[in-house]
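All of these numbers come straight from a predicted model, not from anything done at the bench. Start at 1 and go down the list; that is how both ligands and their atoms are numbered. FYI, side chains are in, hydrogens and waters are out, and symmetry mates aren't considered; it's all heavy atoms of this structure.
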Amino acid sequence: MLADIDREVTLTASYTGITRLNEDVIRAMAHTAREQFVPPGMRAYAYDNRPLPIGHDQTISQPFIVALMTHLLNPRKGMRILEIGTGSGYQAAILAQVVAKVYSVERIRELSENTGRILASLGLDNVELLVGDGYRGWPEQAPYDGIIVTAAASQIPPALPQQLAPGGRLVIPVGRPYGRQDLLLIEKQENGAARTSNILPVAFVPLRNEEPDDAEI
Ligand code: SAH
């Protein structure tokens, strides 16, 4: 899997401008058993460099994209990071090994609870989970040094840049549901102004903008 990630970094370097990923991120990917985060029927494919279904019409992201998005946050030891879209918990587990604290919001209760069990079994105790609508961020714990959104938004949810500390980074796929989407990096300057870069075309499940749907939970 690490070799596949490496190859894809090289293949996409002309788009992303990134030729090497952060070593702490690579180390965390090497130390994390992705098979623990996929349903039993998918374990045979756990180390393929592709997204996999995790139930509820949702997916665990492709390992290359997890590595790239984590790298783009420019993660460092003392940071506090907000994730929107806990899903399988794999992205949160990678982040938890490279930063101080991870806050992760998921709208589907069962996914969040399942992630809570997996993270506890791995001894990753620096992740806080919340069931709710991540479109509004998690204002009670703001500001964050970085925010990562793992579902595609049609526009940048206004609450998210507001919850970033000056100098913080927001990594978010923006585009049409199941259509063209671009991974964006938004850097909030020390003076509060935002600088946006378009990193790569991507494919994510949609970010819902609503309270959790009880029928689905
Ligand atoms: N980071 C995940 C990828 C999850 S897929 C992983 O590593 O596995 C995206 C997730 O975003 C789904 O679980 C979906 O339920 C969730 N999601 C979609 N809209 C949301 C919203 N408004 N608030 C919180 N979570 C949301």
Practice task
Could you note down all residue pairs passing salt bridge (Lys or Arg N to Asp or Glu O under 4.0 Å) where residues 28-54 supplies at least one of them, sequence neighbours left out?
Solution key: Asp48-Arg50
Exercise for the section: Would you please test Glu23 and Arg20 for salt bridge (Lys or Arg N to Asp or Glu O under 4.0 Å) and show each step? Expected result: CA-CA 8 Å; Glu23 285 188 8; Arg20 261 175 80 161; 3.2 Å; yes
Within-shell test, [X] vs ligand 1, heavy atom, strictly < 4.0 Å:
| X | result |
| --- | --- |
| Pro206 | yes |
| His56 | no |
| Val66 | no |
| Ser104 | no |

Could you say whether the N/O atoms of [X] and ligand 1 ever approach to under 3.5 Å?
| X | value |
| --- | --- |
| Asn209 | no |
| Gly85 | yes |
| Gly134 | yes |

Handout entry: Lys77 bridged to Asp24 by N-O distance under 4.0 Å
Key = yes
Practice task
Output the list of atoms in ligand 1 that are nearer than 4.0 Å to some heavy atom of Val105, sorted by atom number.
Solution key: 24 (C), 25 (N)
Problem - Contacting atoms of ligand 1, where contact means under 4.0 angstrom from a heavy atom of Ser88 - result: 6 (C), 7 (O), 8 (O)
Practice task
To the nearest 0.5 Å, tell me how far Leu185 CG sits from Ile148 CD1.
Solution key: 11.0 Å
Problem - Between CG on residue Leu119 and OG1 on residue Thr115, distance to nearest 0.5 Å - result: 6.0 Å
Handout entry: Pair Gln163-Gln141, side-chain donor/acceptor within less than 3.5 Å
Key = no
